[in-house]
Number of protein chains: 2
Amino acid sequence: MEKTLSDLQPTVRPDGRLPDATVARLPVYLRALHTLAESGSETVSSEELAQLTGVGSAKLRKDLSHLGSFGTRGVGYEVRMLIELISTTLGLNRSWPVALVGIGNLGHALAGYAGFASRGFRIAALLDADPATVGEVVEGLTVRHVDELPEVVTEHQVSIGVITVPPTAAQQVADRLVAAGVRSILNFAPCVLQVPDGVEVRKVDLAIELQILSFHEHRRLEAAKQPADNQSKNGVLPSSLKPSNLKRRALRRFPGKGVNEEVIGG
Amino acid sequence: MEKTLSDLQPTVRPDGRLPDATVARLPVYLRALHTLAESGSETVSSEELAQLTGVGSAKLRKDLSHLGSFGTRGVGYEVRMLIELISTTLGLNRSWPVALVGIGNLGHALAGYAGFASRGFRIAALLDADPATVGEVVEGLTVRHVDELPEVVTEHQVSIGVITVPPTAAQQVADRLVAAGVRSILNFAPCVLQVPDGVEVRKVDLAIELQILSFHEHRRLEAAKQPADNQSKNGVLPSSLKPSNLKRRALRRFPGKGVNEEVIGG
DNA sequence: ATTTGTGAAAATATTCACAGCG
DNA sequence: CGCTGTGAATATTTTCACAAAT
């Protein structure tokens, strides 16, 4: 039977709650799907999409099953429909106004990220505490003083705050965002934010990612030192690579797309 | 009994493998511990450290228990010893040479991040494919052409590669890094990288984080629309905040520290 | 013939709760 | 008494494997 887009809204949500792990993967699927759509694919199987996203096909199917039953057995999923379904689920059909607080190096880089606007997000305001920065025009927006947060939030209906200030100032900025009514915060400052229940904080932390890599690199080196050791399970090979999942490389690269998208985001 | 630093290396690793979830949290503990050390604390209890890091105290104790038994019952943990223990575990006692590929907006921001060097990482080289950028001096380093990757990696013993190029170029850069012998990659490009087994890739993706926030914001709004609904469990409050974990705010802010650390990393 | 959707099994991760030590 | 360390209980996530659908 044909499935129409209007089937999307009312159906689904068997028990009502989407697993966190699933929510975290939906954006990944969405990106691959957009690329597929651009390259003209109309349908995709769980196996293909799994290859493209680096996720196991069973996991992918289970993820999608939480949104409902929209695949066609023997065929796969309609690309456009999946895009619509995931976008709707994530709330990406509207454009969320974002306030960016802290216009330093990273703030500049983020403000200049074109793809920001492209899907679901719009930088509504830039703010900073430094009088030297306030008033500066960055990417067409005049930087306003962080004291004006309450007005700015109301004015632009800001629902997401991005913090790119030094860690010493981050908590204060978070408090102000919360006081102004913002309930979703993306924190780039390397510190833990304390917020009341009901406020969602996500953290992006370069140092932590590097330190996790460091751990694995360290393990590798330690393992290489002890080649006598019984590295039976999940062992680290001394100096050559295991040539296992090479079939993955088969449909690795997407058909060329000319867009020179900026590096951050998607 | 006194515990000495030399106890650290030989002991521990009951079964041999540290849970991924634990590894991912160790850097968070480490940061809080550094702050505690700077403020002069000599010991810390699991409860305090839990407050500071936003992790449950039982989870924290279980995490630390994977590294061995280094606490003192009735007292807590020695801050300096925990720092040493976690640093050693993560392999942060040496300085890892990092190659940064892609000197655009974000690349510049990362190259300029002083705290990079501060703990365990050192930018050894900057590379780019754009002839206009190659030769430019950024933060004291001359940008080299990405074709020179093999030489650069050998020259500086690069063990970690950071990718900040547009997504269309990211896979190619990853392939070159791997070919040059790099086994740990931090990818800022919004795409999935395919690498052979044995290569560790971590991804930092602004758009994904925003989209996850979008989902929660969306849920919140949907929930607010249906106030008649039985929002019993994990319900979203319509317009005011639940004032629950307020005690957390008690020891929220660290004693003032003058360092004006840059925003990224730590 | 192929691929979805999903129970059931296995693996991971978190939380509880308390014995045991200082 | 206070706090660690940890088995046992619970929750979450992943993986398996196959019946059902087209």
Side-chain angles (χ1 to χ4, degrees), chain A residues 1-3 7 11-26 28-29 33 41-79 81-82 85 212 233-234 245 251, chain B residues 1-3 7 11-26 28-29 33 41-79 81-82 85-86 212 233-234 245:
Chain A
M1 184 205 288
E2 251 310 278
K3 277 157 200 141
D7 289 334
T11 334
V12 304
R13 307 291 162 82
D15 73 302
R17 193 140 227 91
L18 223 38
D20 284 351
T22 296
V23 173
R25 278 186 298 263
L26 290 181
V28 179
Y29 304 152
L33 286 164
S41 309
E42 309 225 321
T43 63
V44 65
S45 71
S46 63
E47 190 58 50
E48 288 174 85
L49 195 51
Q51 296 285 329
L52 291 173
T53 55
V55 168
S57 64
K59 200 194 286 190
L60 190 144
R61 285 200 302 279
K62 178 131 299 193
D63 281 343
L64 295 183
S65 79
H66 288 117
L67 310 183
S69 254
F70 293 101
T72 308
R73 293 169 196 230
V75 178
Y77 303 88
E78 259 188 65
V79 172
M81 154 163 289
L82 261 196
L85 174 62
I212 295 172
K233 192 192 164 193
N234 202 354
N245 60 349
L251 63 132
Chain B
M1 187 204 288
E2 252 306 279
K3 277 154 201 145
D7 290 333
T11 335
V12 303
R13 306 292 162 82
D15 74 300
R17 193 143 227 90
L18 223 37
D20 285 350
T22 295
V23 173
R25 279 185 299 262
L26 290 180
V28 179
Y29 304 152
L33 286 164
S41 309
E42 309 224 321
T43 63
V44 66
S45 71
S46 64
E47 189 57 49
E48 290 174 83
L49 195 50
Q51 296 285 330
L52 291 172
T53 55
V55 169
S57 64
K59 199 194 284 189
L60 190 144
R61 285 200 303 281
K62 179 135 292 191
D63 281 343
L64 294 183
S65 80
H66 288 118
L67 311 183
S69 252
F70 293 102
T72 308
R73 292 168 199 235
V75 179
Y77 303 87
E78 259 188 66
V79 172
M81 153 163 289
L82 260 197
L85 174 61
I86 295 177
I212 295 171
K233 191 191 166 194
N234 204 356
N245 61 348

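Residue numbers start from 1 in every chain, and the chains themselves are labelled A, B, ... in the order their sequence lines are given, proteins ahead of strands.
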Trainee: Using a cutoff of under 3.5 Å, can you pull out all pairs of nitrogen or oxygen atoms linking the protein to nucleotides 13-15 of chain C, with atom names and distances?
Mentor:
| residue | atom | partner | partner atom | Å |
| --- | --- | --- | --- | --- |
| dT14(C) | OP1 | Arg25(B) | NH1 | 3.1 |
| dT14(C) | OP2 | Arg25(B) | NH1 | 3.2 |
| dT14(C) | OP2 | Arg25(B) | NH2 | 2.9 |

Trainee: With side chain to side chain donor-acceptor pair (under 3.5 Å) as the test, pick out the partner of Ser46(A) among Lys62(A), Gln51(A), Arg61(A).
Mentor: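 The residue from Lys62(A), Gln51(A), Arg61(A) that satisfies side chain to side chain donor-acceptor pair (under 3.5 Å) with Ser46(A) turns out to be Arg61(A).
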Trainee: With a 4.0 Å limit, can you tell me whether Ser69(A) has a side-chain N or O closer than that to the phosphate oxygens OP1/OP2 of dG5(C)?
Mentor: yes
Trainee: Please report the shortest heavy-atom distance between Ser45(B) and Val75(B), naming the atom on each side.
Mentor: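 Of all heavy-atom pairs spanning Ser45(B) and Val75(B), the closest is CB-O, 4.3 Å.
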Trainee: Is Leu64(A) close to Phe70(A) at the side-chain level, that is, under 4.5 Å between some pair of heavy atoms?
Mentor: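 A side-chain contact under 4.5 Å is absent here.
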Trainee: Could you tell me the separation between the CG atom of Leu60(A) and the P atom of dG5(C), rounded to a whole number of Å?
Mentor: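 Rounded to whole Å, this separation is 10 Å.
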Trainee: Measure OH/Tyr77(B) against P/dC3(D) and give the value in whole Å, please.
Mentor: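 Rounding to the nearest Å, OH of Tyr77(B) and P of dC3(D) are 12 Å apart.
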Trainee: Taking only N and O in the side chain of Thr72(A), is any of them less than 4.0 Å away from OP1 or OP2 of dT22(D)?
Mentor: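 The answer is no; no side-chain N or O of Thr72(A) sits under 4.0 Å from OP1 or OP2.
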Trainee: Taking atom types as they are modelled, is there a donor-acceptor pair under 3.5 Å from the base of dT3(C) to the side chain of Arg73(A)?
Mentor: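 No.
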Trainee: Can you tell me the distance, in whole Å, between the CD atom of Glu47(A) and the P atom of dA17(D)?
Mentor: 15 Å
Trainee: At 4.0 Å (heavy atoms only), tell me whether Gly74(B) reaches a base, stays on the sugar-phosphate, or touches nothing.
Mentor: base
Trainee: Would you kindly give the CG-to-C1' distance between Leu82(B) and dG5(D), to the nearest whole Å?
Mentor: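 Taking atom C1' of dG5(D) as the reference, CG of Leu82(B) is at 14 Å.
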Trainee: Once you round it to whole Å, what is the distance between P of dT4(C) and CD of Glu78(A)?
Mentor: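 Roughly 14 Å, once rounded to whole Å.
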Trainee: Let me have the donor-acceptor pairs involving side chains of residues 52-59 of chain B, under 3.5 Å, with sequence neighbours excluded, atom names and distances please.
Mentor:
| residue | atom | partner | partner atom | Å |
| --- | --- | --- | --- | --- |
| Thr53(B) | OG1 | Leu49(B) | O | 2.7 |
| Thr53(B) | OG1 | Ala50(B) | O | 3.4 |
| Ser57(B) | OG | Glu47(B) | OE1 | 3.3 |

Trainee: Are Ser45(B) and dC3(D) close enough that a side-chain N or O sits under 4.0 Å from OP1 or OP2?
Mentor: no
Trainee: Would you say Thr72(B) and Thr43(B) make side-chain contact, with heavy atoms under 4.5 Å?
Mentor: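 Side-chain contact under 4.5 Å: no.
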Trainee: dA21(D) P sits how many Å from Arg61(A) CZ, rounded?
Mentor: 16 Å
Trainee: Just wondering, do Leu82(B) and Tyr29(B) contact through their side chains at under 4.5 Å, heavy atoms?
Mentor: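 With C-beta onward as the side chain, the pair stays apart.
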Trainee: Rounding to an integer number of Å, can you tell me how far Leu64(A) CG sits from dT13(D) P?
Mentor: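 One finds 16 Å between P of dT13(D) and CG of Leu64(A), rounded.
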Trainee: Taking the side chain as every heavy atom from C-beta outward, state whether Ile212(A) and Asp20(B) have any pair of such atoms under 4.5 Å apart.
Mentor: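 Of all side-chain heavy-atom pairs linking Asp20(B) with Ile212(A), none is under 4.5 Å.
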Trainee: Using whole Å, what does the distance between atom P of nucleotide dG22(C) and atom CZ of Phe70(B) come to?
Mentor: 15 Å
